[in-house]
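Notes follow once the structure below has been shown.
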Amino acid sequence: MTLPAIDFFSPSPEVARRLIGSTLLVDGVGGRIVETEAYDREDPASHSFCGPTPRNAAMFGPPGRTYVYQSYGIHWCLNLVCREAGHGAGVLIRAIEPLTGLDMMRARRGLDDVRLLCAGPGRVGQALGITREHNGLAIAAPHFELCPASGPVQVICGPRVGISKAVEQPWRFGLAGSRFLSRPFG
DNA sequence: CTTAGGATCGCCT
DNA sequence: GGCGATCCTAAGC
């Protein structure tokens, strides 16, 4: 029994919840999404809060595409754009349970521990080989594979991580009981 | 042109 | 729990 495909025109918290349990591959490497965060316009913690800029342009583009940004000059982080074009909403992929292409991910990360391969947005980017070249691409395009969960998924939520504003919004979502989260839920 | 700071990570104590 | 890495962006002068 397969759930319907994710509607990226939906509000970002809804998409973030729906993405939990989905399988994401980039050039055949990846696994099951176990942690996401939603961001939206009118959200002080969002890159889109101050309006469109060259950097966040993809976030104001069509839904169902990627928004890739670099964090702290080091880490590449992957988002999926939500809502209608021009709105400025997205979902940050924070953690993945590694399933496919383990050796490739180990090589890219320089680690053996499967638990740490994709436990955090920067780690996800490194393990999946995400770079600026991946910014603004359709998630339905050849290099990507996104398959909805094949059954019911138990999702938990809590406050987002690593932000100083709008911390109270419980827009972080996770797969209940997963050992591949970037950190436990409160 | 200059500058401050960030949706993080890894290593230190 | 704290801090340095490391670089790009955006805003200010």
Side-chain angles (χ1 to χ4, degrees), chain A residues 8 11-20 24 26 30-31 33-61 63 65-83 87-98 105-137 139 155-175 178-186:
Chain A
F8 285 100
S12 51
E14 193 176 320
V15 173
R17 179 180 288 273
R18 289 286 318 276
L19 281 171
I20 299 299
L24 174 65
V26 180
I33 298 174
V34 297
E35 185 180 338
T36 59
E37 276 180 3
Y39 291 88
D40 206 314
R41 191 78 189 267
E42 311 302 328
D43 170 5
S46 174
H47 286 180
S48 61
F49 181 65
C50 296
T53 67
R55 171 170 78 141
N56 65 22
M59 225 177 152
F60 289 91
R65 295 205 190 185
T66 58
Y67 164 49
V68 173
Y69 72 93
Q70 194 182 34
S71 180
Y72 293 89
I74 304 171
H75 312 286
W76 294 98
C77 301
L78 175 65
N79 299 257
L80 297 179
V81 179
C82 305
R83 295 235 186 194
H87 184 93
V91 174
L92 173 66
I93 308 299
R94 286 193 54 90
I96 287 175
E97 175 183 346
M105 288 191 273
R106 286 195 177 102
R108 286 169 172 164
R109 294 275 298 115
L111 279 177
D112 284 341
D113 190 348
V114 181
R115 218 185 86 128
L116 296 177
L117 286 182
C118 301
R123 291 163 171 171
V124 167
Q126 188 176 26
L128 270 55
I130 299 295
T131 69
R132 66 165 66 255
E133 308 296 315
H134 293 89
N135 187 37
L137 302 181
I139 199 63
V155 179
I156 51 181
C157 72
R160 291 176 293 182
V161 178
I163 59 175
S164 54
K165 302 190 168 191
V167 180
E168 68 283 356
Q169 306 246 56
W171 279 5
R172 177 184 178 222
F173 300 89
L175 179 62
S178 173
R179 48 185 281 263
F180 298 96
L181 300 173
S182 66
R183 50 183 293 186
F185 278 74

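So that the names make sense, note that chain A is the first sequence line, chain B the second, and so on, each numbered from 1.
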Between [atom2] on [N] and [atom1] on [X], what's the gap in Å once rounded to a whole number?
| X | N | atom1 | atom2 | result |
| --- | --- | --- | --- | --- |
| A:W76 | C:dC7 | CH2 | P | 11 Å |
| A:R55 | C:dA11 | CZ | C1' | 13 Å |
| A:Y69 | C:dC8 | OH | C1' | 13 Å |

task = Determine the interatomic distance between C1' on B:dG5 and the same-named atom on C:dC3; round to the nearest Å.
result = 16 Å
query = Taking side chain as C-beta onward, heavy atoms only, is A:Y39 less than 4.5 Å from A:C82?
reply = no
ask   = Does the side chain of A:V91 reach to within under 4.5 Å of the side chain of A:F173, using non-hydrogen atoms?
value = no
ask   = Dot-bracket for DNA chain B, 5' to 3', counting Watson-Crick or G-U wobble pairs under 3.5 Å, with [ ] for crossing pairs and | for inter-strand pairs?
value = ||||||.|||||.
task = Looking at every strand, decide which applies to A:R183 at a 4.0 Å heavy-atom threshold: base, sugar-phosphate, or nothing.
result = nothing
task = With heavy atoms under 4.0 Å as the rule, sort A:R94 into base, sugar-phosphate or nothing.
result = sugar-phosphate
request  = Could you give me the CA-CA distance, side-chain angles and deciding distance for A:I139 and A:L24, then say whether side-chain contact (heavy atoms from CB on, under 4.5 Å) is met?
outcome  = CA-CA 9 Å; A:I139 199 63; A:L24 174 65; 4.1 Å; yes
task = For the side chain of A:Q70, starting at C-beta, report the closest nucleotide among C:dT9, C:dC8, C:dA5.
result = C:dC8
task = Please confirm whether the backbone N or O of A:G90 pairs with a side-chain atom of A:N79, one donor and one acceptor, at under 3.5 Å?
result = no
note = Students should find that the nucleotides of DNA chain B closing off the region near chain A, any atom under 4.0 angstrom from a heavy atom, are B:dG6 to B:dG10
query = For DNA chain C, whose closest nucleotide is more 5', that of A:G73 or that of A:N56?
reply = A:G73
request  = On DNA chain C, check which nucleotide each of A:R132 and A:I74 is closest to and give me the residue with the more 5' one.
outcome  = A:I74
query = What closest approach, in Å, do A:N56 and A:H47 show between heavy atoms, and which atom pair accounts for it?
reply = ND2-O, 3.0 Å
key: Where A:L19 and A:T36 come nearest, the two heavy atoms and their spacing   = CB-CG2, 4.1 Å
inquiry  = Once side chain to side chain contact (heavy atoms under 4.5 Å, CB included) is applied, do any residues pair with A:E42, and if so which ones, sequence neighbours excluded?
reply    = none
ask   = side chain to side chain donor-acceptor pair (under 3.5 Å) with A:D43: which of A:Q169, A:R160, A:K165?
value = A:R160
ask   = Are a donor atom and an acceptor atom from the side chains of A:Q126 and A:R109 found within less than 3.5 Å of each other?
value = yes
